[in-house]
Amino acid sequence: MIMVILAGVALFLIIQAIPAITADWQATSLAQGVTQGYDSFWSYVGPLVWGTLWSAFLALIIATPISIGIALFISHYAPRRLAGSLGYLVDLLAAVPSIVFGLWGIIVIRPLLIPMSDWLNAHMGWFPLFSGAVTSTGSTMLAGAVVLAVMVIPIITSITREIFLQTPPLQEQAALALGATKWEMIRLAVFPHARSGMISAILLGLGRALGETMAVAMIISPNLVYSLRILTDGENSQTIAANIALNFPIADDLQRRALIGTGLLLFAVSLAVNIIARLIATGELSRRIAARRRRRTTVEETA
């Protein structure tokens, strides 16, 4: 049933999106309205894909070290009673609706980041990420990435914590018996055992960040551009999910099909991310890479 539902969703998106993908945008209503005068589907969806990937990447850069640190503290450093409470709070954070995170981002995060944005622009404006006009509203890619990071931290933390706890106790005890400190034991015994699981957790967090809608729509000033700048509120490309949520109610029939086409690309990207996470978690990806290397070595030796 899961495969049937997945195939049905994919078929629905393809059928609905094909008219907009193949249409002559300059001769139809797709040249106006929510499509903002773009001359083809691919020129319209390109900035949206970029904004989706860029915001999710920034969120992972922020969330990954924090999540791994929290998971490590809960699994190996915190007292048992405190670890249980912290684990419960992390799981509870994952249940908070995205609209609440969006309101929190507008009221708290945006004003909080304005002084830091001024400092980064003044002292590191030579770097492309921090160049450009400094925001006065806080509706920047940086604010959106911070809120997205907070939203994916519970997912990465929960999965990573469970993986850390599955490390064979004999390996940890053997490392400690050989004179390793606790950090050395974690670095030599826990991290190697949990490497594939941590990567899978990060990719699952990426999947959540890619599909987030309301929080991003409420925080980032909508625009369709290619830009690396994260401190300027006029140069932030909107994400696919937020763009659909904002424009779907006011679009005509053909424009809605164009928005569905962008959703098809988001569906494909999310599916690819989850497939890669699954392959890494099961070790299938590493086995395929090793087998490919062995075949290449055999061919070179034969030649």
Side-chain angles (χ1 to χ4, degrees), residues 55-96 98 100-101 104-105 108-109 112-113 116 142-212 215 273-287 289:
S55 61
F57 174 76
L58 292 174
L60 284 187
I61 293 295
I62 300 171
T64 298
I66 297 175
S67 301
I68 293 177
I70 295 173
L72 193 60
F73 178 76
I74 294 175
S75 62
H76 284 82
Y77 285 95
R80 180 171 300 180
R81 183 174 300 178
L82 178 60
S85 300
L86 289 176
Y88 174 76
L89 290 176
V90 169
D91 295 337
L92 187 63
L93 186 62
V96 176
S98 61
V100 176
F101 282 108
W104 172 69
V108 178
I109 294 300
L112 188 65
L113 291 179
M116 187 178 74
L142 178 62
V146 169
V147 174
L148 278 180
V150 175
M151 298 180 69
V152 303
I153 279 175
I155 298 174
I156 302 176
T157 300
S158 298
I159 300 175
T160 308
R161 178 192 64 199
E162 296 301 323
I163 294 169
F164 285 162
L165 292 173
Q166 292 177 6
T167 304
L170 290 178
Q171 293 185 13
E172 298 181 356
Q173 296 169 7
L176 294 173
L178 290 173
T181 63
K182 193 164 189 177
W183 169 244
E184 290 173 338
M185 179 271 293
I186 291 172
R187 185 165 54 87
L188 298 174
V190 177
F191 282 165
H193 178 269
R195 184 180 293 113
S196 62
M198 286 192 295
I199 295 175
S200 299
I202 293 170
L203 290 178
L204 290 175
L206 174 62
R208 168 69 188 274
L210 290 173
E212 183 49 47
V273 167
N274 284 277
I275 290 175
I276 293 173
R278 180 63 180 173
L279 292 176
I280 293 175
T282 58
E284 182 66 24
L285 186 61
S286 60
R287 287 194 293 269
I289 294 175

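Since the model is a prediction, treat every value here as computed from it, not as a measurement.
- Take Val108 and apply the side chain to side chain contact (heavy atoms under 4.5 Å, CB included) test, not counting sequence neighbours, and it matches Trp104.
- Taking Ser98 as the reference, Glu212 meet the side-chain hydrogen bond (donor to acceptor under 3.5 Å, both in side chains) condition, with sequence neighbours excluded.
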Show the atom names and distances, to 0.1 Å, of all donor-acceptor pairs under 3.5 Å that link a side chain in residues 63-71 to residues at least two apart or in another chain.
residue : atom : partner : partner atom : Å
Thr64   : OG1  : Leu60   : O            : 2.8
Ser67   : OG   : Ala63   : O            : 2.8

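- Closest of all the heavy-atom pairs between Met151 and Arg208 is CE-NH2, 3.1 Å.
- Screening Ile74, Ile155, Ile156 for a side-chain contact (heavy atoms from CB on, under 4.5 Å) involving Val90 leaves a single residue, Ile74.
- Ring geometry, Phe191 versus Phe164: the interplanar angle falls from 30° to 60°, so the pair is classed tilted.
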Start with the C-alpha gap between Phe101 and Leu93, add the side-chain angles, then the distance that decides, and say whether side chain to side chain contact (heavy atoms under 4.5 Å, CB included) holds.
CA-CA 10 Å; Phe101 282 108; Leu93 186 62; 3.9 Å; yes

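- Contacts of Ala94 classified as side chain to side chain contact (heavy atoms under 4.5 Å, CB included), with partners at least two apart in sequence or in another chain: Pro154.
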Less than 3.5 Å apart, which donor and acceptor atoms pair up between the side chains of residues 168-175 and the rest of the protein, not counting sequence neighbours?
residue : atom : partner : partner atom : Å
Glu172  : OE2  : His76   : NE2          : 3.1

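- Not counting sequence neighbours, the partners of Leu176 by the side chain to side chain contact (heavy atoms under 4.5 Å, CB included) test are Met185.
- The CD1 atom of Ile153 lies 11.0 Å from the CG atom of Leu148; values are rounded to the nearest 0.5 Å.
- No more than 12 heavy atoms of other residues, nucleotides or ligands sit less than 6.0 Å from atom CZ of Phe57.
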Step by step, would you call Trp183 with Leu72 a side chain to side chain contact (heavy atoms under 4.5 Å, CB included)?
CA-CA 10 Å; Trp183 169 244; Leu72 193 60; 4.0 Å; yes

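- Looking at every heavy atom in both residues, Met198 comes nearest to Ile163 through N-CD1, 4.0 Å.
- From Ser158, atom OG reaches atom CG of Leu204 across 11.5 Å, with rounding to the nearest 0.5 Å.
- Considering all non-hydrogen atoms of both residues, Leu165 and Ser75 come closest at CD2-CB, 3.7 Å.
- In this structure the side chain of Ile202 never reaches within 4.5 angstrom of the side chain of Leu206, judged on heavy atoms.
- Contact record, Ala56 with Leu210: CB-CD2, 3.7 Å, taken as the closest heavy-atom pair.
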